[in-house]
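Order of appearance sets the numbers: ligands from 1, and atoms from 1 within every ligand.
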Amino acid sequence: MAICTVYTTQPFNSTCSISTPTKTHLPSFNQKQVVFFSSSRKSSKRAVITCSAGEQTVVIGLAADSGCGKSTFMRRLTSVFGGAAEPPKGGNPDSNTLISDTTTVICLDDYHSLDRTGRKEKGVTALDPRANDFDLMYEQVKAIKDGIAVEKPIYNHVTGLLDPPETIKPPKILVIEGLHPMFDERVRELLDFSIYLDISNEVKFAWKIQRDMAERGHSLESIKASIEARKPDFDAFIDPQKQYADAVIEVLPTQLIPDDNEGKVLRVRLIMKEGVEFFSPVYLFDEGSTISWIPCGRKLTCSYPGIKFSYGPDTYFGQEVSVLEMDGQFDRLDELIYVESHLSNLSTKFYGEVTQQMLKHADFPGSNNGTGLFQTIVGLKIRDLFEQIAASRAKTPVEATKA
Ligand SMILES: Nc1ncnc2c1ncn2[C@@H]1O[C@H](COP(=O)(O)OP(=O)(O)OP(=O)(O)O)[C@@H](O)[C@H]1O
Ligand SMILES: O=C(CO)[C@H](O)[C@H](O)COP(=O)(O)O
């Protein structure tokens, strides 16, 4: 009888089992080490550890400035998985967390280390890394990914204070959304997929006015001042994260109306990195070609200024990407099926699923243009990525070497 110790490179937990070349008795384990008794002193073969599929949480990062459509995107994403996303039951009514059957969305504002008063005293904005606790963010995202529940702080947007923590249990998919999901290298390494919503200054301004003036009663001057005050830190700490994103949704003013300054018609670009594991970019007509397409006519109703799609290869921060672009807006969402039928690699489960999702949420902001269309497509790609990761884990036992 020999005592054997196996050190694992991946966390070993109750979903894992060990098969050894000889009979073993009662393995005991912790996160990195499995100890068992073997009936033979000579066991030179490898021990194999198998963990059940899908138990490790898939982590998605969604970065954008405040008021740039993160919540709308999250609603589209959770809808792709079915079921509604709700705040934790019986918890803090000001919690920023949203939980559905498959996904848990946490807001990284909860890792502000300085509350509103603290930031004011120190003269830093919430975008400044000094106002955020990246060590705790890393530790907690890693723990959740490894299947361990955490006590996450809550930043209360109503009071501007840090509230007592809430428990976050490991979900199938954890989405970390906010200002800095790709800022800290350690947190970035934990992401299975990352998205950046890149809203141009002109469009951001138009959306802010729409929301903060119409819905929150702010003055035009105060909105302008708040955007200006955030801009240096946005440029320094938030915007550079887009170079790390696997997919970027870029929102710009239209090029279909010369010198447009209304900001209502949008040109939206979906920039998709090549060579990302479990993610194959969507394409129009023919993969890798350069295409320009005006779909308006018999099958798609378009009013002024029309709709133009473009697709092709490009480089983005020195990396190979495919870019799908839509300029203009849809008149009739039910006709979107015509556009959908010319797109490939959509990761839909049935013909027309993109159109169905868009029709289901026709009242969400951006449903008549490329923002809604590309957010929906990215949602479907995330579902596909999750399913592929789960399937690959089911097939591949975790190999461990014997000490
Ligand atoms: N695709 C879009 N088209 C037009 N307006 C949009 C779009 N997405 C968002 N908006 C506008 O921006 C506002 C903010 O959107 P949303 O709440 O999704 O952003 P957010 O990034 O979650 O904001 P915050 O971080 O401040 O909570 C919406 O109320 C709407 O006015
Ligand atoms: O950029 C933000 C992220 O949503 C907020 O401004 C930040 O979280 C600070 O919150 P508040 O403005 O409520 O003090």
Could you check [atom] against the protein and tell me its nearest heavy-atom contact, residue, atom and distance included?
atom: atom 2 (C) of ligand 2; answer: Arg230 NH2, 3.8 Å
atom: atom 8 (O) of ligand 2; answer: His112 NE2, 2.7 Å
atom: atom 4 (O) of ligand 2; answer: Asp109 OD2, 2.9 Å
atom: atom 30 (C) of ligand 1; answer: Gln210 NE2, 4.1 Å
atom: atom 18 (O) of ligand 1; answer: Thr72 OG1, 2.6 Å
atom: atom 17 (O) of ligand 1; answer: Ser71 OG, 3.6 Å
atom: atom 13 (C) of ligand 1; answer: Arg211 CD, 3.8 Å

Proximity of Leu127 to ligand 2 by residue part, where a heavy atom lies under 4.0 Å: neither
Which is it for Thr371 and ligand 1 at heavy atoms under 4.0 Å: side chain, backbone, both or neither?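 Answer for Thr371: side chain.
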Taking only heavy atoms of [X], which atoms of ligand 1 are found under 4.0 Å from at least one of them?
X: Cys68; answer: 19 (O), 20 (P), 21 (O)
X: Lys70; answer: 18 (O), 19 (O), 20 (P), 21 (O), 22 (O), 25 (O)
X: Gly366; answer: 1 (N), 2 (C), 3 (N)

Would you call the rings of Phe364 and His361 parallel, tilted or perpendicular, taking 30° and 60° as the class edges? parallel
In terms of relative ring orientation, are His157 and His112 parallel, tilted or perpendicular, with 30° and 60° separating the classes?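 His157 vs His112 ring planes: perpendicular.
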Can you find an N or O of Ser66 that's nearer than 3.5 Å to an N or O of ligand 1? yes
Test your reading of the structure: does Gly67 have an N or O sitting under 3.5 Å from an N or O of ligand 1?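 Yes, since at least one N or O of Gly67 sits under 3.5 Å from an N or O of ligand 1.
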Flag the pair [X] / [Y] as yes when at least one side-chain heavy-atom distance between them is below 4.5 Å, and no otherwise.
X: Met358; Y: Arg76; result: yes
X: Ile291; Y: Ser310; result: no
X: Met326; Y: Leu373; result: yes
X: Met137; Y: Pro181; result: no
X: Thr348; Y: Glu340; result: yes

Between [X] (side chain only) and [Y] (backbone N and O only), is there a donor and an acceptor less than 3.5 Å apart?
X: Glu325; Y: Tyr311; value: no
X: Gln241; Y: Leu179; value: yes
X: Ser95; Y: Thr97; value: yes

Any idea which of His157, Glu177, Arg119, Arg116 brings a heavy atom closest to atom 5 (C) of ligand 2? His157
Take every heavy atom of Ala64, measure it against each atom of ligand 1, and state whether any distance is under 4.0 Å. no
Close N or O approach (Ser66, ligand 2; < 3.5 Å): no
Can you check whether Tyr155 has an N/O within less than 3.5 Å of an N/O in ligand 2? yes
Aromatic centroids of Tyr283 and Trp293 separated by under 6.0 Å: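 Ring centres of Tyr283 and Trp293 not closer than 6.0 Å.
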Taking the six-membered ring of Phe134, is the NZ or CZ of Arg186 close enough (under 6.0 Å from the centre) and on axis enough (within 45°)? no
Does atom 12 (O) of ligand 2 have a protein non-hydrogen atom under 4.0 Å from it?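 When distances to the protein are checked, atom 12 (O) of ligand 2 has no heavy atom within 4.0 Å.
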